[in-house]
Visitor: 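My structure is below; once you've seen it, I'll send some questions.
Chain A is the first sequence line, chain B the second, and so forth, proteins listed ahead of strands; every chain is numbered from 1.
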Amino acid sequence: MKEAKRYTITAALPYANGPLHLGHIAGCYLPADIYVRYLKGKGEDVAFICGSDEHGAAITLRAKKENTTPQHIVDTNHEIIKNAFHDFGIQFDIYHRTSSKLHHETASQFFKDLNDKGSFIQETSEQFYDQEHEQFLADRYVTGTCPKCSSEGAYGDQCEKCGSSLNATDLINPKSTLSGKTPVLKETSHWYLPMNKHEEWLKEWIETGKLNGVQQHDPNEWRKQVIGQCKSWIDNGLQPRSITRDLDWGVQVPVEGGEGKVLYVWFDAPIGYISATKQWAADNNKNWEDYWKNDKTELIHFIGKDNIVFHGIIFPIILKEQGDYILPTNVPANEFLNLEGDKISTSRNWAVWLHEYLEDFSGRQDELRYVLTSIAPETKDSEFTWKDYQARVNNELVAILGNFINRSVVLTHKYYNGIVPEPGQLNEVDQTALTIIETTKSKIDKSLSEFKFRDAQVQAMDIARLGNKYLADLEPWKLIKTDEERVKTIMNIALQISNALSFVFDPFLPKTCNKLRSILNNNSLELKAGHQINAAELLFQKIEDEAIDAQIEKLKATTVKQSNPKAKPMKDEITFDDFTKIDIRTATILTAEKHPDADKLLKLTVDTGIDVRTVVSGIAEHYNPEDIIGKQVSILMNLAPRKIRGIESKGMILMAENNEGELSFVSPEKAMANGGEIR
RNA sequence: GGCGAGGUAGCUCAGUUGGUUAGAGCGCCGGAUUCAUAACCCGGAGGUCAGGAGUUCAAAUCUCCUUCUCGCUACCA
């Protein structure tokens, strides 16, 4: 392993299209911040890099909807996010943005360099094109019926209702969001990163940590899920991946034929780490290349699990292909944080937003930091509940840590007017306490270096537990009546423990530690006898039931009025005219068989009253073919025909779905003539 | 369907290369105490380590099967 001279620590660039929630913080930014504070506490040379990811079709689309400019959207969100980070105590060395001139220049040059080297391939494909607006439509600009969950209003890259990622050409009944018209397919040319060419070295690098035979990192230090997912991708064979898009908001493709095209997020966003580093270096009289091109530098990416492939495969390819850059020595990805028994969902507003927490619990950022670290999803998905938050704050921060500090400081004022007493001869108990502090400190150090933040924090709290036990065992408040000299030693040790706490908790609870150091009136690892400390002040306040109930209430407010809380929100209003375009009829299933090349599909022939046609339907997991022959169902007649796994399907059988994803036919309650309209 | 990660006490989670009686914190019950924010301290109850089979002197740990959760991926209503 290399000996690190400096560290480049990145945290995933938040998308400037909305605020941050607790899942983002627990999964990425908080562990990154703790790690950085830990390194800086050791005097290491660290660049902590983050910034807003401000490009992409979602932002232009939203700008259009809100009748404003993309720049305005990203300016607003950039400020909100940046401020929330700052208020929460996430201390980036720079929080940059990808809409900056420097980033555009950097990303552009990067692309040019790789293009000159022949690192890309160019391919022509068919994309949707809006004839009225005379432009290609990014995936995000096409909406239609989701082919997976059949909800309308799905975007060309993703359906927000069911969360599946899509290709625009998969959408049923696609519509341009610019003109509202049906787009046409037209040829366009794009640049691709041929990831397939990089399989060999990637595999070795992921599995052994070696690059060109040189050990770069120890794979045993990488989290299982990171290596697992990367290997899974590599073993399944990598495909060329498009790195440009037809769009006008982003970094222009800087080579011939690039007009009207921008770099896609895969390429654009991670280079944002580099351009941010450049800006930081310029502002601080540093050389940015030391942080990206020097093999004595450790590059570490903090991300959530949705970003693993991106940082474990795609970005390393780009970096290696460029030639001078180092590869990450670790990608400590976290799993997901659930909330009150359910997945966090922005569209359902099932989330605790950071900026709202900071308003509702003003001055209590360390309480949240502590709880989120306690339940950090380091090895598996974990869960945040408000009751648990309250319990951890009250039973651990208040009762163990805050209480120990308070009783030590109060006793010091009571017995010695706030002056640290001179210790006498230390006996075994005192020595043991001091020794345990030292060994615990090194354990914490080790855990942090291995990205085990939850573990490290527990050990830090153990020092406070030790302090409480030390006082309880030795009972200075009794001894003061019989052995004043001994009490001086005891109180000195108690204050030494307090002082140690102000340092071991620093990466986790920075604000509290500042307060503690100011109470102790000391900013040194050593706390000398004769030193005057300040008046006692409570480090934490209890969280009352009312505050917690209010949060739970707030969270559930959006769903409480619905008989089915999981039901999707109503779609946008349509006119009767819109409705009459849809032709739904009663039809009877004549034949049904399993689709030969698919698990979930049945191939049906149905009598629609006006014809007999083939329909492919994804119901194989819910109905046996032989059971549904003769069944009367509802069919969407005038849906554009589409080949589904090799068989042309004309129309769509309508199904009702429950929360568990079970499907049921929508059938007339008594036999009706085939071809009868449903309206 | 393929692949990956998981399933350990009521809750949140640890369990190194298989090795005595499976751990911690919180919660619960009991005790002790009063310097301290009814806090702290001590003790106790509570687990068929998802289920089954196998390898072994020995399995939470290794192998296989089943099952459930999450993610990626693939044909999808």
Side-chain angles (χ1 to χ4, degrees), chain A residues 145-151 162-165 170 172 220 223-236 304-306 308-309 335-336 338 343 371 374-385 387-388 391-392 394-400 402-415 452 454-455 458-459 461-462 464-465 467-473 475-480 487 491 494 536 538-542 595-602 615-623 636 642-647 649 652-657 661 663 665:
Chain A
T145 305
C146 173
K148 306 206 176 198
C149 70
S150 73
S151 65
C162 68
S164 12
S165 53
D170 292 340
I172 298 160
N220 291 322
R223 292 189 176 154
K224 280 185 192 174
Q225 67 265 31
V226 176
I227 292 192
Q229 199 180 330
C230 289
K231 275 180 71 176
S232 166
W233 265 61
I234 295 167
D235 292 344
N236 283 325
K305 70 170 157 181
D306 49 334
I308 288 175
V309 169
E335 304 272 323
F336 286 155
N338 293 322
K343 285 185 207 183
V371 172
S374 304
I375 59 170
E378 288 172 7
T379 54
K380 50 188 156 192
D381 290 356
S382 64
E383 175 153 334
F384 178 93
T385 66
K387 288 281 181 204
D388 180 67
R392 286 183 193 274
N394 291 354
N395 301 329
E396 298 177 34
L397 288 178
V398 173
I400 313 257
N403 184 40
F404 170 68
I405 298 298
N406 190 237
R407 57 202 301 210
S408 301
V409 172
V410 165
L411 283 177
T412 303
H413 279 282
K414 201 169 192 171
Y415 300 156
K452 294 177 179 170
R454 212 170 42 204
D455 210 40
V458 167
Q459 288 163 19
M461 191 54 90
D462 281 343
R465 289 181 214 282
N468 278 317
K469 183 169 166 51
Y470 180 82
L471 289 182
D473 286 351
E475 301 178 306
W477 50 90
K478 277 189 184 168
L479 220 51
I480 194 73
V487 173
M491 289 315 301
L538 297 179
L539 291 182
F540 304 100
Q541 301 287 339
K542 283 200 154 200
H595 190 300
D597 306 320
D599 306 324
K600 299 190 181 177
L601 301 182
L602 291 186
V615 178
V616 177
S617 184
I619 55 174
E621 290 183 330
H622 303 88
Y623 289 98
L636 175 58
R642 183 162 181 276
K643 262 198 177 177
I644 297 172
R645 201 67 177 171
I647 297 177
S649 176
M652 180 169 123
I653 307 295
L654 300 188
M655 308 298 296
E657 181 175 11
L663 299 182
F665 287 119

Visitor: Under 4.0 Å between any heavy atoms, over every strand shown, what does I653(A) touch: base, sugar-phosphate, or nothing? Just pick one.
Guide: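 Sugar-phosphate contact only - I653(A) comes under 4.0 Å of backbone atoms but never of a base.
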Visitor: Using atom CG of L397(A) as one end and atom P of rA36(B) as the other, report the distance to the nearest whole Å.
Guide: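 Those two atoms, CG and P, are 21 Å apart.
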Visitor: Out of rC35(B), rU37(B), rU73(B), which has the shortest distance to the side chain of R407(A)?
Guide: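 Looking only at side-chain atoms, R407(A) lies closest to rC35(B).
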Visitor: When rounded to the nearest Å, what value does the distance between P atoms of rU17(B) and rG7(B) take?
Guide: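 These two P atoms come out 15 Å apart once rounded.
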Visitor: Which heavy atom of W477(A) sits nearest a heavy atom of Y415(A), and at what distance?
Guide: CA-OH, 3.2 Å
Visitor: If you look at every heavy atom in F336(A) and P377(A), which pair is closest and at what distance?
Guide: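 In terms of heavy atoms, the two residues are closest at O-CB, 3.5 Å.
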Visitor: Respond yes when some side-chain nitrogen or oxygen of R454(A) is under 4.0 Å from OP1 or OP2 of rA14(B), and no when none is.
Guide: yes
Visitor: Just checking I375(A): base, sugar-phosphate only, or nothing, at a heavy-atom cut-off of under 4.0 Å?
Guide: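 Sugar-phosphate only.
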Visitor: For Y470(A), enumerate each residue passing the side chain to side chain donor-acceptor pair (under 3.5 Å) test, keeping only those at least two apart in sequence or located in another chain.
Guide: D430(A)
Visitor: With sequence neighbours excluded, what pairs up with N468(A) under the side-chain contact (heavy atoms from CB on, under 4.5 Å) test?
Guide: I400(A), N403(A), F404(A), R407(A)
Visitor: Which nucleotide in the set rG71(B), rA39(B), rC41(B) lies at the smallest distance from any side-chain heavy atom of A399(A)?
Guide: rA39(B)
Visitor: Could you state the CG-C1' distance from N468(A) to rA39(B), rounded to the nearest angstrom?
Guide: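 Going from CG in N468(A) over to C1' in rA39(B) covers 9 Å.
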Visitor: Under a 3.5 Å distance rule, please check whether Q225(A) uses its side chain to pair with a backbone N or O of E378(A) as donor and acceptor.
Guide: yes
Visitor: Any chance you could measure M491(A), atom CE, to L471(A), atom CG, to the nearest 0.5 Å?
Guide: 6.0 Å
Visitor: Looking across every strand, which nucleic acid part, if any, lies under 4.0 Å from L539(A) by heavy atom: base, sugar-phosphate, or nothing?
Guide: base
Visitor: Atom NZ of K452(A) to atom P of rU12(B): distance rounded to whole Å?
Guide: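 Roughly 22 Å, once rounded to whole Å.
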Visitor: For rG27(B) and rA9(B), measure between their C1' atoms and round to the nearest Å.
Guide: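 About 11 Å, rounded to a whole number of Å.
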Visitor: Nearest to the side chain of Q229(A), heavy atoms from C-beta on, is which of rC42(B), rC70(B), rG71(B)?
Guide: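 Nearest listed nucleotide: rG71(B).
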Visitor: Only counting residues at least two apart or in another chain, list the ones meeting ring pair (Phe, Tyr, Trp, His ring centres under 6.0 Å) with F384(A).
Guide: W386(A)
Visitor: Tabulate protein N/O versus nucleotide N/O from nucleotides 60-68 of chain B, keeping only pairs under 3.5 Å, one per line.
Guide:
none

Visitor: So which protein N/O to nucleotides 6-11 of chain B N/O distances come out below 3.5 Å?
Guide:
{"unit_1": "rG6(B)", "atom_1": "OP1", "unit_2": "K224(A)", "atom_2": "NZ", "d": "3.2"}

Visitor: If you only use heavy atoms from C-beta on, which nucleotide in rA39(B), rU37(B), rG71(B) is closest to the side chain of F336(A)?
Guide: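 Side chain of F336(A) sits closest to rG71(B).
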Visitor: Measuring only the C1' atom in each nucleotide, how far is rU34(B) from rG15(B)? A whole number of Å is fine.
Guide: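 It comes out at 38 Å once rounded to the nearest Å.
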Visitor: Rounding to an integer number of Å, can you tell me how far D306(A) CG sits from rG71(B) C1'?
Guide: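 So the two atoms are 10 Å apart, to the nearest Å.
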Visitor: On RNA chain B, nearest-nucleotide positions of L654(A) versus K414(A): which is more 5'?
Guide: K414(A)
Visitor: Answer yes or no: does a side-chain N or O of S374(A) lie under 4.0 Å from OP1 or OP2 of rG25(B)?
Guide: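 No.
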Visitor: Could you tell me whether R465(A) contacts a base, only the sugar-phosphate backbone, or nothing, with contacts defined as non-hydrogen atoms closer than 4.0 Å?
Guide: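 Sugar-phosphate, no base atom in range.
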Visitor: In whole angstrom, give me the gap between the P atoms of rA5(B) and rU63(B).
Guide: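 Per the computed distance, 11 Å lies between those P atoms.
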Visitor: So, for P476(A) and L411(A), which heavy atoms are closest and what is the spacing to 0.1 Å?
Guide: CG-CD1, 4.2 Å
Visitor: Just the dot-bracket of RNA chain B, please: which string comes out with Watson-Crick or G-U pairs under 3.5 Å, [ ] for crossing, | for another strand?
Guide: (((((((..((((.....[...)))).((((.........)))).....(((((..]....))))))))))))....
Visitor: Taking distance alone, no hydrogens or angles, what donor-acceptor pairs closer than 3.5 Å link side-chain atoms of residues 226-234 of chain A to residues at least two apart or in another chain?
Guide:
none

Visitor: What does V458(A) touch in the nucleic acid at a heavy-atom separation under 4.0 angstrom: a base, only the sugar-phosphate, or nothing?
Guide: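 Nothing: the residue V458(A), judged by heavy atoms under 4.0 Å, touches no strand.
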Visitor: So, using side-chain contact (heavy atoms from CB on, under 4.5 Å) as the criterion, who are the partners of N338(A) when residues are at least two apart?
Guide: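 For N338(A) the side-chain contact (heavy atoms from CB on, under 4.5 Å) partners, ignoring immediate neighbours, are K343(A), D381(A), E383(A).
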Visitor: Is the closest side-chain heavy-atom distance between K414(A) and I480(A) below 4.5 Å?
Guide: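 Answer no - side chains too far apart.
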Visitor: Using atom P in both nucleotides, what's the gap between rG44(B) and rA22(B) to the nearest angstrom?
Guide: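 Pairwise P distance, rG44(B) against rA22(B), rounds to 15 Å.
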Visitor: Starting at CH2 of W233(A) and ending at P of rA5(B), how long is that distance when rounded to a whole Å?
Guide: 17 Å
Visitor: Would you mind classifying the nucleic acid contact of T385(A) as base, sugar-phosphate or nothing, using non-hydrogen atoms under 4.0 angstrom?
Guide: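 Nothing, no heavy atom under 4.0 Å.
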Visitor: For K224(A), does the NZ atom sit with more than 12 other heavy atoms under 6.0 Å from it, leaving out its own atoms?
Guide: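 Count not over threshold, so no.
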Visitor: Just the table, please: protein N/O against nucleotides 32-34 of chain B N/O, every pair under 3.5 Å.
Guide:
none

Visitor: Hey, does the side chain of N395(A) reach the backbone of A391(A) with a donor-acceptor pair shorter than 3.5 angstrom?
Guide: yes
Visitor: Examine rA39(B): is either OP1 or OP2 under 4.0 Å from a nitrogen or oxygen in the side chain of K542(A)? Give yes or no.
Guide: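 Yes.
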Visitor: Is the distance from OP1 or OP2 of rU12(B) to the nearest side-chain N or O of K387(A) less than 4.0 Å?
Guide: no
Visitor: Before accepting this row, confirm whether a basic side-chain N of the pair E335(A)/K305(A) lies closer than 4.0 Å to the acidic partner's carboxylate O.
Guide: yes
Visitor: CG of N403(A) versus C1' of rC26(B): gap in Å, rounded?
Guide: 17 Å
Visitor: Could you work out the separation of rA14(B) and rC26(B) based on their C1' atoms and round it to a whole Å?
Guide: 15 Å
Visitor: What's the gap between rA59(B) and rU8(B) when it is taken at their C1' atoms, as a whole Å value?
Guide: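 Comparing C1' positions in rA59(B) and rU8(B) gives a spacing of 14 Å.
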Visitor: Would you mind reading off the distance between L411(A) atom CG and rA36(B) atom C1', rounded to a whole angstrom?
Guide: 8 Å
Visitor: Listed by chain and number, what are the side-chain contact (heavy atoms from CB on, under 4.5 Å) partners of K469(A), not counting sequence neighbours?
Guide: D473(A)
Visitor: Can you list the residues that meet the ring pair (Phe, Tyr, Trp, His ring centres under 6.0 Å) rule with F665(A), with sequence neighbours excluded?
Guide: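 Only Y623(A) meet the ring pair (Phe, Tyr, Trp, His ring centres under 6.0 Å) criterion with F665(A).
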Visitor: Check I405(A), V398(A), N406(A) against L538(A) for a side chain to side chain contact (heavy atoms under 4.5 Å, CB included) and give me the one that passes.
Guide: N406(A)
Visitor: Could you tell me if the side chain of R454(A) sits less than 4.5 Å from the side chain of T379(A), heavy atoms only?
Guide: yes
Visitor: Identify the two heavy atoms, one from L397(A) and one from M461(A), that lie closest to each other, and give their separation to 0.1 Å.
Guide: CD2-CE, 4.0 Å
Visitor: Pick the C1' atom in rU33(B) and in rA38(B), then give their distance to the nearest Å.
Guide: 12 Å
Visitor: Please write out each protein N/O paired with an N/O of nucleotides 27-30 of chain B under 3.5 Å, distance rounded to 0.1 Å.
Guide:
{"unit_1": "rG27(B)", "atom_1": "OP1", "unit_2": "N395(A)", "atom_2": "OD1", "d": "3.2"}
{"unit_1": "rG27(B)", "atom_1": "OP1", "unit_2": "N395(A)", "atom_2": "ND2", "d": "3.1"}

Visitor: So what does F540(A) touch, heavy atoms closer than 4.0 Å: a base, only the sugar-phosphate, or nothing?
Guide: base
Visitor: In whole angstroms, how far is the P atom of rC35(B) from the CG atom of N406(A)?
Guide: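 Whole-Å distance recorded here is 13 Å.
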